[in-house]
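Scope of the values below: all heavy atoms of this structure, side chains included, with no hydrogens, waters or symmetry mates. Keep in mind that what you see is a predicted model, and the values were worked out from it rather than measured.
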Amino acid sequence: MAQGRGSAGGLVTVVLGVAALCLLLAQVAEAATYTVGDTRGWSFNMDSWPRGKRFRAGDVLVFKYNPLEHNVVAVNAAGYNGCSTPRGSRVLTSGKDRLTLARGRNYFICSSVGHCQSGMKMAIVAA
């Protein structure tokens, strides 16, 4: 009889442990969603917006903007530093674009004439 109770107790412990592990993994795996620029949206002088935020690979950035005036282009470091759109880059123009962060440095610019040079660009590091 004592053996039966011990086995059931061990099984309960294992089941609770697995459940706790699943909950922990679900929390870790859940990506955060950020609206770029908060209520201002994707606009000029965006370089300070990422400060104080902790981004992770898989997090989603939502770029809200007027598509008649702006766009979003994910670029490499050279594109970011030179405000240029590398060949083959996808220019997003919906005004409500969603981009998923990759691990490491992520760079974004607006390729409308003069906008990137006027500060409509952003660099984010995702862990």
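Shown are Val73, Leu61, Asp97; of these, the side chain to side chain contact (heavy atoms under 4.5 Å, CB included) with Phe108 is made only by Leu61.
Expressed to the nearest 0.5 Å, how far CH2 of Trp49 lies from CD1 of Ile124 amounts to 5.0 Å. Between the OG atom in Ser43 and the CE atom in Met122 there is a gap of 11.5 Å [rounded to 0.5 Å]. Once rounded to the nearest 0.5 Å, the distance linking CZ of Phe55 with CZ of Arg103 reads 15.0 Å. The line from CE of Met120 to CG of Asn45 is 10.5 Å long, rounded to the nearest 0.5 Å.
For residues 77-87, no pair satisfies side-chain hydrogen bond (donor to acceptor under 3.5 Å, both in side chains), with sequence neighbours left out.
Residue Pro50 comes nearest to Ala123 through the heavy atom pair CG-O, 3.7 Å, listed as atom of the first residue, atom of the second, then distance. Shown here for Tyr65 and Lys96, the closest heavy-atom pair between the two residues is CE2-N, 4.4 Å. When all heavy atoms of Ala102 and Ala126 are compared, the pair lying nearest together is O-CB, 3.3 Å. The shortest heavy-atom contact between Ser111 and Val91 is OG-CG1, 4.2 Å. Nearest heavy-atom pair across Asn76 and Pro86 is OD1-CG, 3.7 Å. Between Gly58 and Ala31, the shortest heavy-atom contact is O-CB, 3.0 Å.
Residues Leu101 and Arg56 are not in side-chain contact: their nearest non-hydrogen atoms beyond the backbone lie 4.5 Å or more apart. In this structure, the side chains of Ser112 and Asn71 come closer than 4.5 Å at one or more pairs of heavy atoms. At least one side-chain heavy atom of Met46 sits less than 4.5 Å from a side-chain heavy atom of Trp42.
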Test Leu99 against Val62 for side-chain contact (heavy atoms from CB on, under 4.5 Å), laying out the working first. CA-CA 7 Å; Leu99 293 169; Val62 179; over 6 Å; no
So Thr33 and Arg98, side-chain contact (heavy atoms from CB on, under 4.5 Å) or not? Walk me through it. CA-CA 9 Å; Thr33 299; Arg98 298 173 65 87; 4.2 Å; yes
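In summary, the aromatic rings of His70 and Phe44 are positioned with their centroids under 6.0 Å apart.
Within the 3.5 Å criterion, the main-chain N or O of Val75 finds no donor-acceptor partner in the side chain of Ser89.
Heavy-atom neighbours of Arg40 CZ from other residues, nucleotides or ligands within 6.0 Å: above the threshold of 12.
Taken together, Cys83 and Cys116 meet the criterion of an SG-SG distance shorter than 2.5 Å.
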